[in-house]
Protein chains: 2
Amino acid sequence: MSRRSGILEFAVLGLLRESPMHGYELRKRLNTSLGVFRAFSYGTLYPCLKALVANGWLVEEPGSAPEDARAASLAGRRAKIVYRLTAEGKEHFEELLAHTGPDTWEDEHFAARFAFFGQTSRDVRMRVLEGRRSRLEERLEKMRASLARTRERLDDYTLELQRHGMESVEREVRWLNELIESERAGRDKRTGPDQ
Amino acid sequence: MSRRSGILEFAVLGLLRESPMHGYELRKRLNTSLGVFRAFSYGTLYPCLKALVANGWLVEEPGSAPEDARAASLAGRRAKIVYRLTAEGKEHFEELLAHTGPDTWEDEHFAARFAFFGQTSRDVRMRVLEGRRSRLEERLEKMRASLARTRERLDDYTLELQRHGMESVEREVRWLNELIESERAGRDKRTGPDQ
DNA sequence: AATTTCATGTAATTCGTTACATGATTCC
DNA sequence: GGAATCATGTAACGAATTACATGAAATT
């Protein structure tokens with residue numbers, strides 16, 4: 001019950017689904033492989049892992065790599081802790097994957113969802129992409145309205161900032177359009193026909 | 001000493017420098033006019049205002065609009081509280097404006113700084129823009145390196161996410177290049193020669 | 001041998017939201 | 001006179017960081 005950190009929990013389960021890992025490595029992959037996420041600190045990550053274990057979604061295992069086994073057997077000392085997804089954890093992750101809702105379209109949530117698209121069904125992918133798109137279109141609408149109301153009172157820099165912001169959002173909408181089109185056509189970028 | 005919320009404090013002082021306002025209005029302008037900021041909640045804004053008053057940077061004033069005066073005089077009841085920047089507050093804001101450092105190049109900080117470029121000197125603008133640019137270039141470098149290391153092990157969606165992320169950063173770098181060029185040429189977007 | 005990187009964790013603090021509570025003003 | 005919007009606040013909670021503390025393994 002204690003510590004549930006939405007995105008982090010989701011990303012950790014998703015990464016561990018591919019293969020067991022220890023905390024330090026997980027953290028690196030949250031930045032690099034998944035690219036999108038900011039670097040969660042250890043002060044966030046480790047307590048989160050403990051909580052996931054307490055929930056029965058992960059189990060701690062002694063590192064299975066030879067050097068860890070050696071280290072652990074030489075003395076009773078602490079070796080690396082490798083986390084592995086349990087059956088319940090897997091099930092829980094499936095639920096999270098299948099769920100789509102307003103929160104899902106938010107910036108960071110969306111990036112996290114997208115990063116695990118490979119493990120999702122096409123209709124979930126479509127719901128996520130389309131939801132994200134309408135969320136962005138709403139945002140554009142608000143920006144346009146606000147700009148129309150206040151244009152005269154703004155100085156050049158503020159105006160330029162708004163213009164650039166809107167352009168970024170419009171660009172993401174176009175990107176989503178392509179992705180949605182691509183999903184409709186029933187294929188990934190280069191894998192060819194799939195599913 | 002109590003509540004200092006970097007960005008919010010900065011934005012509030014900057015907005016109040018243009019003209020006195022009450023909390024509710026401030027909050028709207030943080031979203032709309034300044035466009036960039038997420039909507040700070042009242043639970044954040046009002047305590048922040050109180051803290052700024054405690055610091056002597058703002059003073060509370062009875063609303064000067066006729067309907068407020070009427071309401072306040074009719075009964076001893078609470079009217080709108082209009083906040084006005086004090087001389088010390090103005091001075092403090094100048095200091096914040098003049099300061100440039102690593103924190104300044106961060107995403108949200110940068111947006112806040114940019115929103116008040118109109119009140120800054122050209123050399124500060126240049127430092128902020130160039131700092132932001134090198135920060136983004138560092139980020140690009142890391143992304144490229146990480147991508148080169150892990151490309152084969154990533155599925156198409158993860159790859160696409162990284163590609164789009166990098167493209168967004170590259171786009172912002174180009175934007176900054178234009179702005180820097182424009183500053184070098186010694187003019188704002190449309191105001192013509194200035195300072 | 002020393003330094004860097006790997007590896008795990010805790011406590012205090014920061015930043016901000018949500019939910020709640022209250023009441024005035026404007027519009028229909 | 002009822003609803004929507006304007007307007008101000010507080011208390012409890014949440015998410016994540018920073019600074020701290022510890023120690024093993026690899027590299028130079």
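Sequence lines set the chain letters: A, B, ... in the order given, protein chains first and strands last, and positions in each chain run from 1. For the numbers below, each heavy atom of this structure counts, side chains included, while hydrogens, waters and symmetry mates do not.
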ask   = So, is B/Tyr46 close to the D/dT8 phosphate, meaning a side-chain N or O under 4.0 Å from OP1 or OP2?
value = yes
inquiry  = Please check this pair: side chain of A/Thr158 against backbone of A/Leu154, looking for a donor-acceptor N/O pair closer than 3.5 Å.
reply    = no
ask   = In whole angstroms, how far is the P atom of D/dA16 from the CD atom of A/Glu9?
value = 11 Å
request  = Rounded off to whole Å, could you give me the CG-to-C1' distance for the A/Asp103 and D/dA15 pair?
outcome  = 16 Å
request  = Consider only side-chain N and O atoms of A/His99 and A/Glu94, and report whether a donor and an acceptor are under 3.5 Å apart.
outcome  = no
From CA spacing to verdict: side chain to side chain donor-acceptor pair (under 3.5 Å), A/Thr104, A/Arg127 = CA-CA 10 Å; A/Thr104 313; A/Arg127 283 209 300 280; over 6 Å; no
query = What is the distance from CG of A/Leu52 to C1' of D/dA15, rounded to the nearest Å?
reply = 15 Å
key: Atom pair distance, as rounded to whole Å: CD in B/Glu25 and C1' in D/dT8   = 15 Å
request  = Report yes if a side-chain nitrogen or oxygen of B/Lys50 is closer than 4.0 Å to either non-bridging phosphate oxygen (OP1 or OP2) of D/dG9; otherwise report no.
outcome  = yes
side-chain N/O B/Ser41 vs C/dG16 OP1/OP2, d < 4.0 Å = no
Rounded distance (Å) that lies between atom C1' of C/dT17 and atom CG of B/Leu45 = 13 Å
remark   = Per atom distances to the A/Pro47 side chain, the nearest of C/dT10, C/dT8, C/dG16 is C/dT10
inquiry  = Looking at A/Phe93, I'd like to know if the NZ or CZ of A/Arg17 sits under 6.0 Å from its six-membered ring centre while staying within 45 degrees of the ring's axis.
reply    = no
query = Could you state the NZ-C1' distance from B/Lys80 to C/dT25, rounded to the nearest angstrom?
reply = 10 Å
request  = Using the closest heavy atom to pick a nucleotide of DNA chain D for each, name whichever of B/Lys28 or B/Glu60 lands nearer the 5' end.
outcome  = B/Lys28
query = For the pair made of CD1 in A/Ile81 and P in C/dA7, what is the distance, rounded to whole Å?
reply = 12 Å
query = Starting at OH of B/Tyr42 and ending at P of D/dT8, how long is that distance when rounded to a whole Å?
reply = 9 Å
query = With respect to the phosphate group of C/dC6, does any side-chain polar atom (N or O) of A/Tyr24 fall under 4.0 Å of OP1 or OP2?
reply = yes
key: Salt bridge A/Glu18-A/Arg29, side-chain N to carboxylate O under 4.0 Å   = yes
